[in-house]
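Questions regarding the structure given below will be posed in turn.
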Amino acid sequence: MSSLIIPPVLTTPRDDAALLYRAFKGFGCDTAAVINVLAHRDAAQRALIQQEYRAIYSEELTKRLKSELSGKVEDAILLWMYDPATRDAVIVKEAIYGQTVTLRAATEVICSRTPSQIQHFKQVYSAMFHSPLERDIQNSATGDHLKLLLAYVSKPRYEGPEVDGALVQKDAKSLYKAGEKRLGTDEDKFIKIFSERSRAHLSAVSHAYKHTYGQSLKEAIKKETSGHFEHGLVTILLCAENPGFYFAKALRKAMKGMGTDDSTLIRIIVSRAEIDMQYIKAEYHKKYKKTLNKAVHSETSGSYRDFLLALLGPDH
């Protein structure tokens, strides 16, 4: 469920473009006015505003935003301007080839998306960067992590709720035999099951595993694997069981300890605001006894804080 608050009576995209143009005029940028428009428009509306802005003022809105804004609010708003599939493509490309290679971010995006979301952003990625996603993954990831990502982006998976009970039991047993029961780990078995089975199926496997072997599948993964490979498997599993809980934990981690991991904070809030941010907020409050809005408020400042809080919607 989206946390985006769109006004009941909307101005037209043409009027929004004019409001933004006025915000840019004069000395300095009226960032509050920019946030007031863009943080309350969905992806389709933002695309129309960009279209109108280009038609009226003969320049790209994103280019103007880049020159008018700075720092973290610039990063957040520019990421927000993309449609979801393009945003995912840009995040993954940046994570693989940016100034600091952050395979963790690429792994989070790939392993937390549904098969149809992956297919869509793969097409966009290829068209934007003139290189198949698989080739770029091969150039950056290694070992079991590489095998998992390649399998996960290329294999089709069922997206419905039905599960085959017998196969669930078989998979739970296979994973036990591939991990905790033996000396060493059969990583290929984990990769096969995690990249081929639906979310509903993996969630059922996790339940069966705990019921049969007395330990959670997540704990088994953490014991048997490490690094980016472990992160990929855990992301796939937790997003099969409860994506809201997964992202609540990731947000908490980004804000815990010394300093805030702003790139993670921006990436998750911006990319989930139109999908399931209400669920993430509920899970965050349930687990940490503090609202996500309050946590973000205390870890950020200025117009950057204003923008993120606008995307999060009312605090309750």
Side-chain angles (χ1 to χ4, degrees), residues 1-5 39 72 75-76 79-80 84 87-88 91-92 95 102-114 117-118 152 159 161 194 198-200 202-207 209-210 216-222 228 230-301 304-316:
M1 215 175 126
S2 167
S3 60
L4 203 59
I5 303 296
K72 290 175 285 212
D75 296 340
L79 198 60
W80 178 241
R87 185 188 302 127
D88 282 349
I91 292 170
V92 170
T102 50
L103 285 178
R104 195 171 173 83
T107 304
E108 175 209 281
V109 168
I110 290 167
C111 295
S112 67
R113 301 310 190 246
T114 64
Q117 286 170 337
I118 290 170
Y152 206 70
E159 292 191 47
F194 275 63
S198 73
R199 283 185 168 186
L202 276 181
S203 183
V205 168
S206 179
H207 184 76
Y209 193 98
K210 176 88 192 260
S216 76
L217 182 52
K218 180 189 159 195
E219 288 311 312
I221 291 166
K222 287 174 104 61
H228 292 308
E230 177 199 318
H231 178 225
L233 291 174
V234 168
T235 300
I236 292 166
L237 181 65
L238 292 186
C239 286
E241 294 181 311
N242 184 346
F245 179 72
Y246 170 80
F247 285 111
K249 279 187 75 173
L251 285 166
R252 170 74 169 186
K253 193 176 176 189
M255 293 185 280
K256 221 170 67 173
M258 288 290 287
T260 302
D261 176 358
D262 289 295
S263 66
T264 297
L265 196 60
I266 291 168
R267 181 178 68 251
I268 295 175
I269 291 176
V270 165
S271 61
R272 306 311 291 189
E274 292 182 87
I275 300 172
D276 54 2
M277 186 49 76
Q278 293 292 20
Y279 297 121
I280 296 168
K281 284 165 70 175
E283 291 291 346
Y284 193 96
H285 190 242
K286 195 163 103 185
K287 184 162 175 65
Y288 303 112
K289 309 293 177 263
K290 181 182 187 178
T291 67
L292 180 56
N293 292 55
K294 281 196 174 71
V296 169
H297 189 276
S298 61
E299 293 296 327
T300 57
S301 61
Y304 168 52
R305 173 203 280 164
D306 296 340
F307 180 67
L308 293 185
L309 290 176
L311 294 189
L312 288 175
D315 188 7
H316 48 64

Quick one: are Val296 and Leu251 in side-chain contact, heavy atoms under 4.5 Å? no
Under the 3.5 angstrom rule, does the side chain of Ser3 hit a backbone N or O of Leu311 as a donor-acceptor pair? yes
Just so I know, are the side chains of Arg113 and Tyr152 near enough to count as touching, which here means a heavy-atom distance under 4.5 Å? no
Do you know which two heavy atoms are closest between Leu265 and Ala254, and how far apart they sit? N-CB, 4.3 Å
State, to 0.1 Å, how close Tyr288 and Ala248 come at their nearest heavy-atom pair, and which atoms those are. CE1-O, 4.0 Å
Hits for side chain to side chain contact (heavy atoms under 4.5 Å, CB included) against Lys210, two or more places apart or cross-chain, chain-then-number order -> Ser216
By side-chain hydrogen bond (donor to acceptor under 3.5 Å, both in side chains) - contacts of Arg199 (at least two apart): none
For a quick test of reading the model, state the closest non-hydrogen atom pair linking Trp80 to Ala39 and the distance between them. NE1-CA, 4.1 Å
Any Lys/Arg nitrogen of Glu241 or Lys218 sitting under 4.0 Å from an Asp/Glu carboxylate oxygen of the other? no
Minimal heavy-atom distance between Ala240 and Ser203, with the atoms involved, is O-CB, 3.9 Å
Determine, stepwise, if the pair Asn293 / His297 fulfils side-chain contact (heavy atoms from CB on, under 4.5 Å). CA-CA 6 Å; Asn293 292 55; His297 189 276; over 6 Å; no
Of all residues at least two apart in sequence or in a different chain, which pass the side-chain hydrogen bond (donor to acceptor under 3.5 Å, both in side chains) check with Asp276? Arg272
Considering all heavy atoms, the nearest Lys290-Tyr284 contact: O-CD2, 3.3 Å
So do Ser271 and Arg87 actually touch side chain to side chain, heavy atoms under 4.5 Å? yes
Kindly determine whether Lys294 and Asp315 satisfy salt bridge (charged side-chain N to carboxylate O under 4.0 Å, His left out), including the steps that lead there. CA-CA 8 Å; Lys294 281 196 174 71; Asp315 188 7; 3.4 Å; yes
As a test of understanding, state which of Ile118, Leu233, Thr235 forms a side chain to side chain contact (heavy atoms under 4.5 Å, CB included) with Cys111. Thr235
Please check this pair: side chain of Ser2 against backbone of Ile275, looking for a donor-acceptor N/O pair closer than 3.5 Å. no
Working to the nearest 0.5 Å, report the span between CG of Leu79 and OG of Ser263. 10.5 Å
Tell me yes or no: between the side chains of Asn242 and Glu283, is some donor less than 3.5 Å from an acceptor? yes
Do Met255 and Leu292 have side chains that approach each other closer than 4.5 Å (heavy atoms only, starting at C-beta)? yes
side-chain contact (heavy atoms from CB on, under 4.5 Å) assessment of Arg267 paired with Val109: CA-CA 9 Å; Arg267 181 178 68 251; Val109 168; 4.1 Å; yes
